[in-house]
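Atom set for the values below is all heavy atoms of this structure, side chains included, hydrogens, waters and symmetry mates excluded.
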Amino acid sequence: MSNSFKGYTLGILAAVSYGTNPLFALPLLNAGINASSVLFIRYLLAIPMLATMMVIRGRGFGLKRGQWFPLVSLGLLMAASSLLLYVSYIYTGAAIASTLLFVYPIMVTVIMAIFFRERVSIITITGIVLAMAGILLLYHGGGKVKLSLVGLLMVVGSALSYAIYLVWVNMPKLKEIPTLKLTLYVIFFGTFLFACNFESSSFIVLANSPWLWADALAMAFFPTAFSLLCTSAAIHEIGSTPVAILGAFEPVSAVLFAVMIFCEPMTLRLGIGILLIISSATLIISEGTVVKILIRVRRMFPRIKRK
């Protein structure tokens with residue numbers, strides 16, 4: 001398996017698993033547990049999962065002096081993104097928030113272009129435009145739906161935090177840290193942000209329902225431990241920008257879960273939106289091949305020299 005194929009596969013898995021956030025978080029929020037407490041439980045349960053994986057694989061837990069600050073920063077960025085997203089569910093609804101969150105690939109592309117002089121190709125721009133068009137089609141709001149400004153700002157803040165995280169996790173000091181260890185420390189440091197507003201009564205709510213415990217465990221694994229693990233590994237293989245754009249699969253997975261689990265109708269509009277998003281991801285993945293084909297076509301029509 002080539003590094004590129006492995007990276008793209010991990011990027012898609014990360015997006016799909018992160019798209020399960022509303023699926024597992026909403027039952028806990030609807031049960032009366034506040035967003036900070038839900039996230040504290042989510043991160044707290046994810047830590048022993050990752051620590052066990054590290055012990056099984058024989059990984060050490062030690063860090064070098066220069067790695068502490070970047071990891072603390074990454075943990076706080078990821079925690080801030082999660083908290084803003086969960087609170088935005090209250091103002092805009094989970095479906096709309098999950099869709100609007102997908103502005104983060106554009107933010108990553110802009111950050112990489114401005115601060116790291118990364119070249120933005122026409123194919124990358126086309127892929128982003130296709131993905132955004134698909135996101136607009138996935139949005140269910142009609143003319144009478146008014147988006148909350150507070151909710152909108154929270155989603156944008158969540159997207160910006162996540163975009164900075166995706167760029168920062170690719171810095172040279174962190175590339176030498178094994179993905180499993182990096183993910184563990186990101187979640188560990190992020191937990192402190194939620195501890196300030198944690199309500200101990202949350203455990204009483206969980207104790208009264210085995211289903212809520214199952215939700216909490218699934219939330220700790222799929223959109224947290226597994227998703228961050230795949231994200232970090234994918235970025236190390238193919239870079240921040242492609243991984244960000246592959247996040248298009250996140251709202252797609254959210255829509256599919258809604259159709260399959262909550263029996264929401266699959267309309268033509270949703271179908272076209274999903275097709276556009278998958279097409280954008282496919283275009284980005286096959287960018288090298290597309291460029292080669294375009295060059296070959298261009299060579300078939302040589303310029304006529306003027307006399």
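- Of the possible donor and acceptor atoms, one in the side chain of K181 sits under 3.5 Å from a partner among the backbone N and O of G62.
- With sequence neighbours excluded, the residues forming a side-chain contact (heavy atoms from CB on, under 4.5 Å) with R57 are R59, L180, listed by chain and number.
- Using a distance-only test at 3.5 Å, with no hydrogens or angles considered, a donor-acceptor pair links the side chain of N208 to the main chain of I204.
- Side-chain contact between P242 and Y8 is present, with heavy atoms from C-beta onward closer than 4.5 Å.
- If you take CG on L13 and SG on C230, they are separated by 5.0 Å, rounding to the nearest 0.5 Å.
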- Task: Report the C-alpha distance between F198 and F203 in whole Å, list the side-chain angles of each, state the deciding distance to 0.1 Å, and finish with yes or no for ring pair (Phe, Tyr, Trp, His ring centres under 6.0 Å).
- Result: CA-CA 10 Å; F198 173 71; F203 286 119; 5.4 Å; yes
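- Listed by chain and number, the residues in a side-chain contact (heavy atoms from CB on, under 4.5 Å) with L76 are V72, L193 (sequence neighbours excluded).
- In terms of modelled atom types and a separation under 3.5 Å, the side chain of S37 and the main chain of E199 share a donor-acceptor contact.
- The side chain to side chain contact (heavy atoms under 4.5 Å, CB included) test with V108 singles out one residue from V167, I164, L160, I128, and that residue is V167.
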- Item | Stepwise side-chain contact (heavy atoms from CB on, under 4.5 Å) test for Y43 and F189 | CA-CA 10 Å; Y43 277 44; F189 291 126; over 6 Å; no
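- Without hydrogens or angle criteria, S232 side chain to L229 main chain gives no donor-acceptor distance under 3.5 Å.
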- Task: Could you walk me through whether I177 and L71 pass side-chain contact (heavy atoms from CB on, under 4.5 Å), step by step?
- Result: CA-CA 10 Å; I177 303 176; L71 286 174; 4.1 Å; yes
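- Listed for the Q67 side chain is a donor-acceptor partner under 3.5 Å among the backbone atoms of K64.
- Aromatic ring pairs are classed by plane angle as parallel below 30°, tilted from 30° to 60° and perpendicular above 60°; the pair Y162 and Y165 is parallel.
- For the pair S240 and L166, the tightest heavy-atom approach, listed with the atom from each and the gap, is OG-O, 2.7 Å.
- Of the possible polar contacts, one joining the S88 side chain to the L85 backbone as a donor-acceptor pair under 3.5 Å is found.
- Checked by atom type and distance alone, the side chain of S253 pairs as donor or acceptor with a backbone atom of E250 at under 3.5 Å.
- Judged purely by atom type and a 3.5 angstrom limit, S158 has no side-chain atom pairing as donor or acceptor with the backbone of M154.
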Got a list of side-chain donor-acceptor pairs under 3.5 Å for residues 20-28, not counting sequence neighbours?
from, atom 1, to, atom 2, distance (Å)
T20, OG1, S17, O, 2.5
N21, OD1, R42, NH1, 3.1
N21, OD1, Y86, OH, 2.5
N21, ND2, Y18, O, 3.4

- Query: For L74 and L174, what are the C-alpha separation, side-chain angles and deciding distance, and is it a side-chain contact (heavy atoms from CB on, under 4.5 Å)?
  - Reply: CA-CA 10 Å; L74 285 175; L174 299 177; 3.2 Å; yes
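- Annotation: F61, atom CZ; neighbour count of heavy atoms from other residues, nucleotides and ligands within 6.0 Å is above 12.
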